[in-house]
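Quick notes on the structure that follows.
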Amino acid sequence: TSIASLFSIGADEDVAEGSQVAYGFADVSALDALGLQSQGAAVTFTSDGQKLTAVADGRTVLTVTIDAATGNWSADLSDQFDHVGPQLPGVENTDLVAAGGSLAGLDLSGVLTATDYDGDTVIGAASGSFVLTIEDDVPVALVQPTPITATLEEDDMTGVAGGDLSVGNNEDGSTDF
């Protein structure tokens, strides 16, 4: 998909040459104020104009890339964002831990740019028009796990000195786990 659908370029598009519009990101440092976290560390945002990167404690958490010529975009979630919780078992919620509460999604609309043929740039698309919803990952029980079994022998109990309440008759010299 393309962010081109979020902008109307108008008369300054060079029809003879084909579209000469460039898409990308503006300064994204204002996103830091959202107060998002990853593993309890603050997430900070940077951009080189085409690639937005979210980092926490030196770990890349998220990368969003926009192709300047087409506006096509891709996102790569490399690490976790902290989600509010606890949730009901098995519920994959989307509410992110944020300054002053929670955030339902990461709205990047305000940091998008479109630049027309003669260099005019608009910063920001309509609020809520480019939102990344990040679903929490939750543990699940395996359907067919490898069984874990163990045998505990009463004859391995060593009494009070070993932290047991009884002493066993250890005829084979074995010990418990």
Side-chain angles (χ1 to χ4, degrees), residues 1-10 13 19-117 119-148:
T1 58
S2 173
I3 67 165
S5 64
L6 304 178
F7 298 96
S8 174
I9 301 307
E13 181 176 30
S19 181
Q20 297 289 322
V21 180
Y23 300 98
F25 290 105
D27 178 8
V28 297
S29 61
L31 296 172
D32 294 352
L34 295 174
L36 298 179
Q37 297 180 8
S38 173
Q39 297 181 25
V43 174
T44 58
F45 295 85
T46 59
S47 174
D48 64 5
Q50 299 313 127
K51 181 170 66 172
L52 172 147
T53 305
V55 175
D57 272 351
R59 296 173 287 106
T60 298
V61 179
L62 172 70
T63 305
V64 181
T65 305
I66 296 176
D67 181 277
T70 64
N72 291 339
W73 64 276
S74 63
D76 181 32
L77 188 61
S78 302
D79 207 342
Q80 68 191 37
F81 279 94
D82 293 349
H83 288 77
V84 297
Q87 298 295 315
L88 297 174
V91 174
E92 294 179 328
N93 89 79
T94 58
D95 293 333
L96 301 172
V97 171
S102 65
L103 195 62
L106 180 55
D107 188 353
L108 299 178
S109 309
V111 296
L112 299 177
T113 63
T115 304
D116 67 14
Y117 181 74
D120 300 321
T121 299
V122 62
I123 297 175
S127 180
S129 62
F130 188 64
V131 178
L132 301 180
T133 302
I134 301 166
E135 186 176 275
D136 196 5
D137 185 29
V138 298
V140 296
L142 297 176
V143 176
Q144 294 184 336
T146 303
I148 300 171

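Please read all numbers here as calculations on a predicted model, not as lab measurements.
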Handout entry: By side chain to side chain contact (heavy atoms under 4.5 Å, CB included) - contacts of V122 (at least two apart)
Key = F7, A114
Exercise for the section: Name all pairs fulfilling the ring-ring contact (aromatic ring centres under 6.0 Å, His included) condition that reach into residues 47-77, sequence neighbours left out, sorted by first residue then second. Expected result: W73-F130
Exercise for the section: Kindly determine whether T44 and T46 satisfy side-chain contact (heavy atoms from CB on, under 4.5 Å), including the steps that lead there. Expected result: CA-CA 7 Å; T44 58; T46 59; 5.6 Å; no
Practice task
Identify, with sequence neighbours excluded, every residue that meets salt bridge (Lys or Arg N to Asp or Glu O under 4.0 Å) alongside D79.
Solution key: R59
Problem - Under 3.5 Å: donor-acceptor pair, side chain of N93, backbone of V84 - result: yes
Practice task
Could you go through the side-chain contact (heavy atoms from CB on, under 4.5 Å) check for L103 and L34 one step at a time?
Solution key: CA-CA 8 Å; L103 195 62; L34 295 174; 4.1 Å; yes
Problem - side chain to side chain contact (heavy atoms under 4.5 Å, CB included) partners for S129, two or more places apart - result: L6, S109, A125, A126
Exercise for the section: May I ask you to test the V97-L36 pair for a side-chain heavy-atom distance under 4.5 Å? Expected result: no
Exercise for the section: State whether the side chain of D95 and the backbone N or O of S102 hold a donor-acceptor pair below 3.5 Å, judged by distance alone. Expected result: no
Practice task
Would you check if I3 and I66 make a side-chain contact, meaning some heavy-atom pair closer than 4.5 Å?
Solution key: yes
Exercise for the section: Identify the two heavy atoms, one from V43 and one from A56, that lie closest to each other, and give their separation to 0.1 Å. Expected result: CG2-CB, 4.1 Å
Completion exercise
With V64 as partner, the option from T53, L52, V111 fulfilling side-chain contact (heavy atoms from CB on, under 4.5 Å) is L52
Exercise for the section: Indicate yes or no: at least one non-hydrogen side-chain atom of L108 is less than 4.5 angstrom from one of V28. Expected result: no
Problem - Note, T1 side chain near N72 side chain (heavy atom, < 4.5 Å) - result: no
Exercise for the section: For L112 and F25, run side-chain contact (heavy atoms from CB on, under 4.5 Å): C-alpha distance rounded to whole Å, both residues' side-chain angles, the deciding distance at 0.1 Å, then the answer. Expected result: CA-CA 5 Å; L112 299 177; F25 290 105; 3.9 Å; yes
Exercise for the section: State, with a plain yes or no, whether a side-chain heavy atom of F45 is found less than 4.5 Å away from one of L106. Expected result: yes
Handout entry: For A99 against A33, the heavy-atom pair lying closest together
Key = CB-O, 4.0 Å
Fill in the blank from the handout: So the ring-ring contact (aromatic ring centres under 6.0 Å, His included) pairs with at least one residue in residues 74-98 (sequence neighbours excluded) are none
Practice task
List the atom of D67, the atom of A69, and the distance in Å for their closest heavy-atom pair.
Solution key: OD1-N, 3.0 Å
Handout entry: Gap between atom OG1 of T133 and atom CG of L96 - 0.5 Å precision
Key = 8.5 Å
Problem - Pair D136-T94, side-chain contact (heavy atoms from CB on, under 4.5 Å): steps then yes or no - result: CA-CA 6 Å; D136 196 5; T94 58; over 6 Å; no
Practice task
Indicate yes or no: at least one non-hydrogen side-chain atom of T113 is less than 4.5 angstrom from one of Y23.
Solution key: no
Completion exercise
Correct closest heavy-atom pair for I123 and G110 would be CG2-O, 3.9 Å
Handout entry: salt bridge (Lys or Arg N to Asp or Glu O under 4.0 Å) contacts touching residues 28-54 (sequence neighbours left out)
Key = none
Exercise for the section: Measure the shortest side-chain to side-chain distance between V55 and V61 over non-hydrogen atoms and say whether it is less than 4.5 angstrom. Expected result: no
Problem - Nearest-0.5 Å distance that lies between atom CG in D76 and atom OG1 in T60 - result: 9.0 Å
Exercise for the section: Find out whether S78 and L62 are in side-chain contact, i.e. whether some heavy atom of one side chain is under 4.5 Å from a heavy atom of the other. Expected result: no
